[in-house]
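Here's the structure, in structure tokens; my notes come after.
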Amino acid sequence: MAFDGITIASIVKELNQNLTGGRIYKIAQPESDELLLTIKNNGSQYRLLLSADASLPLVYLTDKNKQSPLTAPGFCMLLRKHLQNARILDITQPGLERIIRIRLEHLNELGDLCQKTLVIEIMGKHSNIIFCHENMILDSIKHISGMVSSVREVLPGREYFIPQTQDKQDPLSLVDRTSQDFADKISSMPMPLYKALYCAYTGLSPVMAQEICFRAGLDGDLPANAQEPETLNRLFETFLTLLKQIIDGDFAPNIIYEKKNPVEFSALPLTLYADRESISYASISEVLERYYEEKNTLTRIRQKSADLRRIVQTALERNIKKYDLQCRQMKDTEKREKYRVYGELLNTYGYGVEPGAKSMEALNYYTDETITIPLDDTLTPSENAKKYFDKYGKLKRTFEALSELTIEVKNEIEHLESISAALDIALQEDDLVQIREELIESGYIRRKGGNKKLKITSQPFHYISSDGFHIYVGKNNYQNDELTFKTASGSDWWFHAKGIPGSHVIVRAEGKELPDRTFEEAARLAAYYSKGREQEKVEIDYLQRKNVKKPGGAKPGFVIYYTNYSMAIDSDISGLEQVK
């Protein structure tokens with residue numbers, strides 16, 4: 001979801017409710033393109049984060065403080081000079097533009113009341129924080145010269161104005177227009193209907209444009225210039241209803257999750273995602289902070305684990321190629337018994353073969369069938385027999401060697417796939433430490449700094465079932481072994497996805513009989529923390545821990561069992577309580 005004009009409208013409403021009339025107590029610039037304002041109002045203290053980061057511009061209220069540099073940047077010093085103890089008069093948004101204006105009142109050096117404006121532009125890579133007096137720019141967190149932009153310079157002493165938005169109209173103006181005006185604009189655009197909406201009107205993201213089409217019961221991918229008048233009228237009425245929600249401040253901040261991963265956020269309900277989990281929050285600030293925090297966590301851990309993923313993937317590809325080659329060689333050894341029979345039959349019946357013969361027919365006494373044996377006409381029957389026995393011996397030795405090698409390589413592939421699965425569920429840097437240690441122990445990474453082992457602080461996931469039973473999920477192979485063979489008792493229940501890499505899941509029975517619901521919830525966890533989590537259903541094996549064994553010399557996480565129950569279940573764990 002883009003940080004669109006509707007999200008800005010929701011933020012402006014929240015900021016006005018909390019900050020209007022308050023005074024700026026502290027001004028900090030933790031990053032080169034970020035401000036953190038501390039504001040006191042009505043006996044409470046608020047922190048307002050303003051970020052003009054090109055990749056992630058943000059505005060929201062937060063409880064968290066940030067470390068500031070020892071020497072404040074020039075822009076921060078200028079704001080402190082003018083705005084320290086300044087009073088916030090109002091916070092506004094022009095139309096549905098992605099712009100927030102904070103109008104401030106302060107005393108100048110002579111003690112006279114003055115007004116200044118802090119403008120926050122949330123426009124992707126063009127985002128900026130601009131400090132103005134009337135329409136004159138005093139300074140900005142990013143300086144944009146004429147060499148960078150021919151449209152608008154953002155420099156001290158230049159006039160401030162909102163850049164033109166490519167013939168887009170303010171959607172709030174539709175309230176005073178007719179459906180015909182709307183239809184004329186949309187029907188003239190040769191593009192999908194949802195795209196025509198956000199290209200024609202400011203402040204709409206593609207997701208919100210799709211939502212408007214969905215609410216109107218229309219396919220947003222159909223061409224806009226091929227729509228019937230009654231269709232466009234229905235779309236217009238739906239759009240007006242949504243605009244009325246915005247004008248009335250009737251916001252409902254929420255985050256859409258898919259299998260516990262945040263996929264979208266919005267200031268309004270997204271009926272488009274009715275089939276996914278939606279969690280509502282009291283404020284848009286909480287939504288933004290939580291959404292981007294969770295997103296950043298996933299992004300950061302992906303970046304941190306990139307080198308481990310590359311090592312695992314390279315080793316996996318190499319072993320798969322080796323295994324495929326060995327399987328082809330194994331297939332070739334299937335001929336060995338045929339060559340042995342040829343040799344035996346030649347020794348038995350070869351006395352009747354005429355010199356120079358290229359083949360011999362003989363009764364195969366193993367199958368009672370007559371077979372034709374190809375011969376080398378330059379060799380005697382006994383020499384041909386020896387030749388076939390040599391081929392048999394070579395293929396037999398190859399078969400015996402490959403029988404062991406293919407098992408070893410297959411086990412190595414399964415081991416690497418289990419490490420790959422562990423990397424997929426890692427959420428913190430601590431979770432990567434044990435995985436790295438396992439790769440070191442397996443010889444895929446060279447240990448740095450002698451033989452000193454890495455410090456392990458990661459712990460298994462801990463859930464509580466709806467019936468109050470404690471459920472533990474291993475994050476990697478070492479934790480799987482620890483959970484199964486050290487933490488769990490014999491009467492506890494053990495769960496694992498059948499035939500695919502995944503976590504060991506342990507339910508502490510504590511001498512009680514588990515309800516069906518707990519079995520199902522533990523199975524869902526085993527499905528979710530496996531390679532099969534994207535499947536509609538995953539088959540899960542479960543049994544008491546005492547029936548799970550670990551063969552001698554087996555790799556971490558590898559176990560065997562023979563008597564088990566099974567169930568096919570989905571991987572939806574949204575209703576389960578996780579213990580942090």
Side-chain angles (χ1 to χ4, degrees), residues 312-418 420 442-443 496-501 531-532 535 538-539 541 547 549-555 557-564 566 568:
V312 171
Q313 191 59 32
T314 301
L316 196 51
E317 289 172 0
R318 186 171 62 247
N319 277 282
I320 288 172
K321 284 181 181 177
K322 187 192 296 184
Y323 183 70
D324 288 343
L325 177 62
Q326 289 172 347
C327 287
R328 288 197 296 271
Q329 291 173 331
M330 278 288 280
K331 190 168 182 63
D332 290 340
T333 65
E334 292 173 2
K335 302 173 186 175
R336 66 189 184 281
E337 288 301 319
K338 180 178 72 173
Y339 294 145
R340 181 181 62 80
V341 171
Y342 283 178
E344 288 183 6
L345 293 178
L346 279 168
N347 281 340
T348 303
Y349 305 115
Y351 59 86
V353 176
E354 295 181 4
K358 293 187 178 180
S359 64
M360 180 192 87
E361 287 193 353
L363 177 68
N364 182 354
Y365 40 71
Y366 290 106
T367 61
D368 287 331
E369 294 176 348
T370 300
I371 61 173
T372 301
I373 303 172
L375 297 175
D376 184 340
D377 55 1
T378 63
L379 302 176
T380 65
S382 61
E383 287 172 337
N384 270 294
K386 182 178 182 303
K387 181 179 175 182
Y388 278 123
F389 280 128
D390 287 345
K391 282 185 177 181
Y392 164 72
K394 182 180 179 181
L395 291 176
K396 182 185 177 185
R397 289 191 298 275
T398 301
F399 172 78
E400 289 170 350
L402 286 175
S403 295
E404 294 181 9
L405 286 173
T406 50
I407 292 172
E408 288 176 11
V409 175
K410 191 171 187 302
N411 288 341
E412 194 60 34
I413 289 170
E414 290 175 354
H415 180 221
L416 288 164
E417 285 178 339
S418 69
S420 178
S442 301
H496 193 279
K498 185 180 184 69
I500 54 176
K531 278 287 187 184
Q535 299 174 15
V538 182
E539 189 174 357
D541 288 345
N547 296 315
K549 310 296 179 187
K550 188 170 186 68
K555 293 188 179 294
F558 183 80
V559 298
I560 57 172
Y561 51 91
Y562 301 104
T563 55
N564 63 275
S566 292

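Just so it is clear, the values below take in all heavy atoms, side chains as well, and ignore hydrogens, waters and symmetry mates. Please read these numbers as outputs of a predicted model, since none were measured by experiment.
- In this view, Lys410 and Glu414 satisfy the salt bridge (Lys or Arg N to Asp or Glu O under 4.0 Å) rule, not counting sequence neighbours.
- For Glu337 and Arg340, the salt-bridge test passes: some basic side-chain N is under 4.0 Å from an acidic carboxylate O.
- Checking Glu404, Gln326, Arg318 one by one against Val409, the side-chain contact (heavy atoms from CB on, under 4.5 Å) holds for a single residue, Gln326.
- Side-chain N/O atoms of Ser420 and Lys531 include a donor and acceptor closer than 3.5 Å.
- Counting heavy atoms from C-beta outward, Glu417 and Ile413 have side chains that approach closer than 4.5 Å.
- The heavy-atom pair separating Lys555 from Lys550 by the smallest distance is O-NZ, 2.8 Å.
- One finds the CD1 atom of Ile500 at 5.5 Å from the CD atom of Gln535 (value rounded to the nearest 0.5 Å).
- Atom CG of residue Asn411 and atom OG1 of residue Thr406 lie 9.5 Å apart, to the nearest 0.5 angstrom.
- Counting all heavy atoms, side chain and backbone alike, Met360 lies closest to Gly350 at SD-CA, 4.3 Å.
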Let me check something: any side-chain donor-acceptor pairs from residues 375-386 under 3.5 Å, sequence neighbours excluded? List them with distances.
from	atom 1	to	atom 2	distance (Å)
Asp376	OD1	Thr378	N	3.1
Asp376	OD1	Thr378	OG1	2.7
Thr380	OG1	Ser382	OG	3.2
Thr380	OG1	Glu383	N	3.2
Thr380	OG1	Glu383	OE1	3.4
Glu383	OE1	Thr380	N	2.9
Asn384	OD1	Asp376	N	2.9
Asn384	ND2	Asp376	O	3.2
Asn384	ND2	Leu379	O	3.4
Asn384	ND2	Thr380	O	3.3
Lys386	NZ	Asp390	OD2	3.2

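- In terms of heavy-atom proximity, Thr372 sits nearest to Tyr342 at O-OH, 3.9 Å.
- Taken from OH in Tyr388 to CG in Leu345, the straight-line distance is 11.0 Å, to the nearest 0.5 Å.
- Looking only at side-chain heavy atoms (C-beta outward), Tyr392 and Lys338 stay at 4.5 Å or farther from each other.
- When all heavy atoms are compared, the tightest approach of Tyr349 to Ala362 is CD1-CB, 3.7 Å.
- Across every non-hydrogen atom of Tyr562 and Ile560, the tightest pair is OH-CD1, 3.5 Å.
- A heavy-atom distance below 4.5 Å is not found between the side chains of Glu412 and Tyr323.
- When every heavy atom of Leu416 is checked against every heavy atom of Val312, the shortest pair comes out as O-CG1, 3.6 Å.
- Here the CG-CD1 distance, from Leu325 to Ile320, works out to 14.0 Å after rounding to the nearest 0.5 Å.
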